[in-house]
2 protein chains.
Amino acid sequence: MAPIVDPLEDLPGYALRRASAAIMAKLAARLTDLGLRPSEASVLLIIDANPGVTQSGIGRLLGIARANMAPLTARLAGRDLIVREAAGGRAHGLMLSDPGRRLTRKARRVIAQLEAELIERIPAGQRSAFLRALKALFAGW
Amino acid sequence: MAPIVDPLEDLPGYALRRASAAIMAKLAARLTDLGLRPSEASVLLIIDANPGVTQSGIGRLLGIARANMAPLTARLAGRDLIVREAAGGRAHGLMLSDPGRRLTRKARRVIAQLEAELIERIPAGQRSAFLRALKALFAGW
DNA sequence: GACAGAATGTTATAGTATATAGCATAGCAA
DNA sequence: TTGCTATGCTATATACTATAACATTCTGTC
């Protein structure tokens, strides 16, 4: 029978989508062992690097809407991974608890391992250009 | 106040996710004018290039599970964009109807326009390497 | 000080994509 | 004939995202 023709094969936008889906599926699978979703892990990393940051601030950085940050941080707080302290206005300053710090360390290792496997697939001479190109694609849109 | 530090900034996997999300949001917004979702548009393009292809064949090509192809093709058939013909076994050979062909042409133009805007953001000398790198990231996982 | 506007957090709801499990049907091979 | 495989379909669950609406608190201006 005739092989199937793929008209999307050479579209960078489509390749971008497939590549992202593949990486995210792998990340989600590995984070499941820690009881974390990808979005939760990224929030933990942001809080670790910015103690006292507010939900809205995290949302702006990660491109997550305020409305979606609420249940996310509620889950993390419910598991005692983060603590909230009043920070002026209605804002809560978010900080990691001790168990939160330990889990964040593990999550960071999982992420670093996956990123390393990803980078291995890009020729060494093209890695910085590749990252620059990706950043250019979501900056300003 | 101290600027927020972004520990994810230089991770290609994270940049990949953000870039993909940005492009997909833009694509979804433009396809809404045609009453199509991204996945529906890609299915129409596959059928157009492979008349008589089965649902399962499309799913394998696009990475969509059989179970999710069923409601997708049902919607397209319900709008009389595709017709199904018996093709041995339980398989349906899918073909575009005349209105389906017209809509597919429009969808192709929308996609081509977006891809062109995307490519503009990549330096000309890096475009083929960029596409190759993306393909390497989802091949074999 | 009073008031309008902006920012924050929250709830509720919906839409899109994806995954798994299970089932029925049809073809194929031993 | 029997068993295996492929296909199509349904149901269900999970992530992520999007919008709308609301209350609360701060800020800037008069």
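For clarity, every value in this text was computed on a predicted model and none was experimentally measured. Proteins come first, then strands; the chains are lettered A, B, ... in the order of their sequence lines, and each starts at number 1.
In terms of phosphate contacts, A:R84 brings a side-chain nitrogen or oxygen within less than 4.0 Å of OP1 or OP2 of C:dT10. Residue A:R37 places no side-chain N or O under 4.0 Å from the OP1 or OP2 atom of D:dT17. Taking side-chain N and O atoms only, B:R60 has a distance below 4.0 Å to OP1 or OP2 of D:dT7. The side chain of B:T73 places no N or O atom within less than 4.0 Å of a non-bridging phosphate oxygen (OP1 or OP2) of D:dG8.
As rounded to whole Å, 12 Å separates atom C1' of D:dA13 from atom CG of B:N68. Atoms CG (A:L72) and P (D:dT17) sit 10 Å apart, rounded to a whole Å. In this entry the distance linking CD1 of B:I58 with C1' of D:dA6 reads 16 Å, nearest Å. Spacing between atom CE of B:M69 and atom C1' of C:dA19 amounts to 16 Å, rounded to whole angstrom units. Taking atom CD of B:E40 as the reference point, atom P of C:dG15 lies 14 Å away to the nearest angstrom. Atom pair B:L36:CG and C:dA17:P shows a separation of 11 Å (rounding to whole Å applied). Atom CG of A:L62 and atom C1' of D:dC16 are 13 Å apart (whole Å). Computed from coordinates, the A:K26 NZ to C:dT18 C1' distance equals 17 Å when rounded to whole Å.
The side chain of B:P38 has C:dA17 as its nearest neighbour among C:dA17, D:dT17, C:dG9. Closest to the side chain of A:Q55, from the set C:dG9, C:dA17, D:dT19, is C:dG9.
Salt bridge absent: A:E115 and B:R17 never bring a charged side-chain N and a carboxylate O closer than 4.0 Å. At a threshold of 4.0 Å, the pair A:D33-A:K106 does not count as salt-bridged, since none of the basic side-chain nitrogens sits closer than that to a carboxylate oxygen.
Not one N or O on the side chain of B:R37 forms a donor-acceptor pair closer than 3.5 Å with the backbone of B:A28.
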- [ ] Just do the salt bridge (charged side-chain N to carboxylate O under 4.0 Å, His left out) check on A:R132 and B:D10 with the steps written out, would you?
- [x] CA-CA 9 Å; A:R132 252 196 319 275; B:D10 290 323; over 6 Å; no

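Within the 4.0 angstrom heavy-atom criterion, base atoms lie near B:R66.
In terms of position on DNA chain D, the residue among A:S39 and A:A67 whose nearest nucleotide sits closer to the 5' end is A:S39.
Annotation: ring-ring contact (aromatic ring centres under 6.0 Å, His included) contacts of A:Y14 (sequence neighbours excluded): none.
End-to-end axis angle of the helix from C:dG1-D:dC30 to C:dA30-D:dT1, using five pairs per end and rounding to 10°, comes to 20°.
B:T54 contributes atom OG1, which lies 6.5 Å from atom CD1 of A:I4 (distance to the nearest 0.5 angstrom).
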Throw together a table of side-chain donor-acceptor distances under 3.5 angstrom for residues 74-82 of chain A, partners on residues two or more places apart or in other chains.
unit_1	atom_1	unit_2	atom_2	d
A:R75	NE	A:E40	OE2	2.7
A:R79	NH1	A:G35	O	2.7

